[in-house]
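Taking it in order: structure first as structure tokens, then the write-up.
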Amino acid sequence: MTGRVAHHFDNAHQQFHSATLGMWIFLATEVMFFGGMFAGYTVYRFKYPEAFIAGSNELHLVAGTINTAVLLLSSFLIALAVHAAFSGRRVATTGFLVGGIVMGLAFLGIKAYEYSEKFAHHRVPGPHFRLDDHAEAGTTPVARVDHSPQSAELQEEHPERDPVFEGQVQLFYGFYFAMTGLHAIHMIIGVVLLGVVAVAAWRGSFSHEYYTPVEVGGLYWHFVDIVWVFLFPLLYLIR
Amino acid sequence: MEEHVEHVTSPFASFVVFVLLLVLLVATVLAAAIEHHVIGIVVALSIATVKAVLIIYYFMNVRFADVVTRLFVVSAFLWLLLLITLLMADYLTRESSERISGPVATHMPSPAQPA
């Protein structure tokens with residue numbers, strides 16, 4: 001037990017609390033990191049409510065709901081892994097960690113499906129963004145932004161198309177891809193992190209006296225879950 | 001050598017929290033039927049906050065954490081609240097011509113030009 005305590009700590013207890021406090025300080029910076037996007041989102045949601053509703057209603061609600069459940073399940077499994085590590089159960093710890101990782105990968109898979117759907121329907125902000133391709137959602141036909149010389153002509157033929165509104169919906173999708181993309185990057189990092197911890201767990205590196213990496217890895221994973229808990233209603237459930 | 005005082009949430013408590021989280025997930029999806037800008041977002045964010053607190057308190061074992069750790073946890077979210085509150089205090093109190101809840105602005109910069 002004492003062999004695990006670095007020389008600058010008084011005891012294992014102090015070492016454990018230093019590690020978790022350090023992780024929480026990092027997570028506080030992560031709150032700020034994501035917070036900037038949430039703040040920007042708030043401003044524009046108040047500024048362009050109709051466009052945000054239109055964009056949100058096109059998102060795949062079923063996939064989003066399933067993904068939230070998948071992520072909550074993964075967090076539950078990681079919480080069990082921490083308890084198993086604390087109880088000194090090597091196989092259970094590894095198993096729960098692997099279960100949590102698999103759920104994380106399932107989340108990323110569903111997210112990738114949603115992304116591919118949005119790419120296919122020209123919902124990615126940029127020169128190819130357009131809203132008239134609404135094969136999936138059946139929303140109100142809105143503008144197509146096309147800056148080719150035919151654009152003005154197109155506007156005359158289809159006066160109901162509104163490039164200003166389309167720009168605002170594009171802004172919603174900008175937030176959607178930036179926020180879920182940053183979240184997905186955190187998920188990928190989390191999967192790698194938990195993978196390393198799972199290997200260490202399998203090799204018997206943890207015990208009742210020393211399970212700090214499982215706890216700290218779990219903190220990171222749960223934090224990423226919390227980010228999604230807020231992203232889900234803010235992106236998918238606007239009415 | 002000091003006794004170990006670490007504690008972690010029991011599997012049973014974790015399971016109860018997990019079930020509660022799923023119930024709240026269903027609740028937030030159903031609550032989305034409220035077609036009211038303000039009430040809708042207040043309900044959605046309230047449910048999300050309850051879920052976040054459950055995760056922080058039980059899954060992240062903050063209920064066993066010492067005072068210093070709790071202070072950092074609370075301050076992390078307090079700063080976010082400050083950021084958004086002060087930001088919106090600015091935007092929501094601007095001149096009516098610029099008020100963001102006003103008519104849809106027409107000065108929206110045009111979307112990215114094709115290269």
Side-chain angles (χ1 to χ4, degrees), chain A residues 1-2 11-13 16-17 20-21 24-25 27-28 31-32 35 38-39 42-43 46-50 61 65 68-69 72-73 75-76 78-80 82-83 86 125-127 129 145 147-148 163-168 170 208-209 215 218-219 222-223 225-226 229-230 232-234 237-239, chain B residues 1-6 8-11 14-15 17-18 21-22 25 28-29 31-37 40-41 44-45 47-48 51-52 55-56 58-61 65-66 68-69 72-73 75-77 79-80 83-84 87-88 91-92 100-101 104-106 108-115:
Chain A
M1 171 172 172
T2 41
N11 52 49
H13 174 69
F16 177 84
H17 280 278
T20 51
L21 178 62
W24 269 109
I25 293 171
L27 293 182
V31 171
M32 285 292 98
F38 279 101
T42 310
V43 170
F46 273 92
K47 190 159 182 137
Y48 307 124
E50 294 87 3
L61 181 58
T65 309
T68 311
L72 292 174
L73 176 59
S75 259
F76 171 53
I78 298 303
L80 292 181
V82 172
H83 183 269
F86 175 76
F129 185 91
V145 165
H147 292 279
S148 61
V164 173
F165 183 70
E166 180 160 298
Q168 295 165 1
Q170 188 167 197
H208 177 69
E209 286 76 30
E215 169 78 17
L219 286 179
H222 296 311
F223 171 78
D225 191 13
I226 290 170
V229 159
F230 283 97
F232 174 64
L234 290 178
L237 300 177
I238 311 177
R239 295 291 180 270
Chain B
M1 164 83 34
E2 209 177 289
E3 265 300 298
H4 263 281
V5 291
E6 272 83 74
V8 296
T9 304
S10 72
S14 293
F15 179 73
V17 170
F18 173 57
L21 288 169
L22 288 182
L25 168 63
T28 197
V29 172
I34 303 170
E35 297 206 1
H36 187 287
H37 288 326
I41 193 168
L45 285 181
I47 293 175
K51 286 164 83 176
I55 293 169
I56 291 168
Y58 289 96
F59 284 179
M60 298 172 94
N61 291 317
D66 55 19
V68 180
T69 306
F72 275 86
V73 175
S75 56
F77 292 95
W79 283 113
L80 179 63
L83 170 71
I84 292 177
L87 189 74
M88 294 317 287
Y91 276 102
L92 291 173
I100 59 173
S101 55
V104 171
T106 51
M108 175 75 192
S110 50
Q113 299 281 339

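Labels below follow one simple rule: chain letters A, B, ... track the order of the sequence lines, proteins then strands, and each chain is numbered from 1.
Shortest non-hydrogen contact noted between M60(B) and H222(A) is CG-CB, 3.4 Å. In terms of heavy atoms, T28(B) sits closest to L237(A) at O-CD1, 3.6 Å. Minimum interatomic distance between V229(A) and K51(B) (heavy atoms only, all atoms of both residues): CG1-CB, 3.7 Å. In this structure, A32(B) and R239(A) approach most closely via the heavy-atom pair O-CG, 2.8 Å. Counting all heavy atoms, side chain and backbone alike, M88(B) lies closest to F46(A) at CE-CD1, 3.6 Å.
F76(A) and F18(B) have parallel rings, their planes meeting at less than 30° on a 0 to 90° scale where 60° marks the start of perpendicular.
Here the OG1-CG distance, from T65(A) to L22(B), works out to 11.5 Å after rounding to the nearest 0.5 Å. How far CG of D225(A) is from CD1 of I55(B): 4.0 Å, rounded to the nearest 0.5 Å. Atom OG1 of T20(A) and atom CG of D66(B) lie 7.0 Å apart (nearest 0.5 Å). To the nearest 0.5 angstrom, S10(B) atom OG is 11.0 Å from F86(A) atom CZ. In this structure, F59(B) CZ and I78(A) CD1 are separated by 10.5 Å, a value rounded to the nearest 0.5 Å. To the nearest 0.5 Å, atoms OG1 (T42(A)) and CD1 (I84(B)) are separated by 4.5 Å.
No other option in I56(B), V73(B), L87(B) has as many heavy-atom pairs under 4.5 Å with chain A as V73(B). Here L73(A) is the residue among L61(A), L73(A), L27(A) with the most heavy-atom pairs under 4.5 Å with chain B.
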Stepwise side chain to side chain contact (heavy atoms under 4.5 Å, CB included) check, V31(A) with W79(B):
CA-CA 9 Å; V31(A) 171; W79(B) 283 113; over 6 Å; no
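When the side-chain contact (heavy atoms from CB on, under 4.5 Å) test is applied to A28(A), the partners found at least two apart in sequence or on another chain are A76(B). Take L45(B) and apply the side-chain contact (heavy atoms from CB on, under 4.5 Å) test, not counting sequence neighbours, and it matches F230(A), L234(A), I41(B).
Contacts of F232(A) with chain B are made by side-chain atoms alone, with heavy-atom separations under 4.5 Å and no backbone atom involved. Contact annotation for F15(B): both backbone and side-chain heavy atoms come within less than 4.5 Å of a heavy atom of chain A. In this structure, chain A has heavy atoms under 4.5 Å from both the backbone and the side chain of L80(B). Looking at L83(B), only its side chain comes within 4.5 Å of chain A, counting heavy atoms on both sides.
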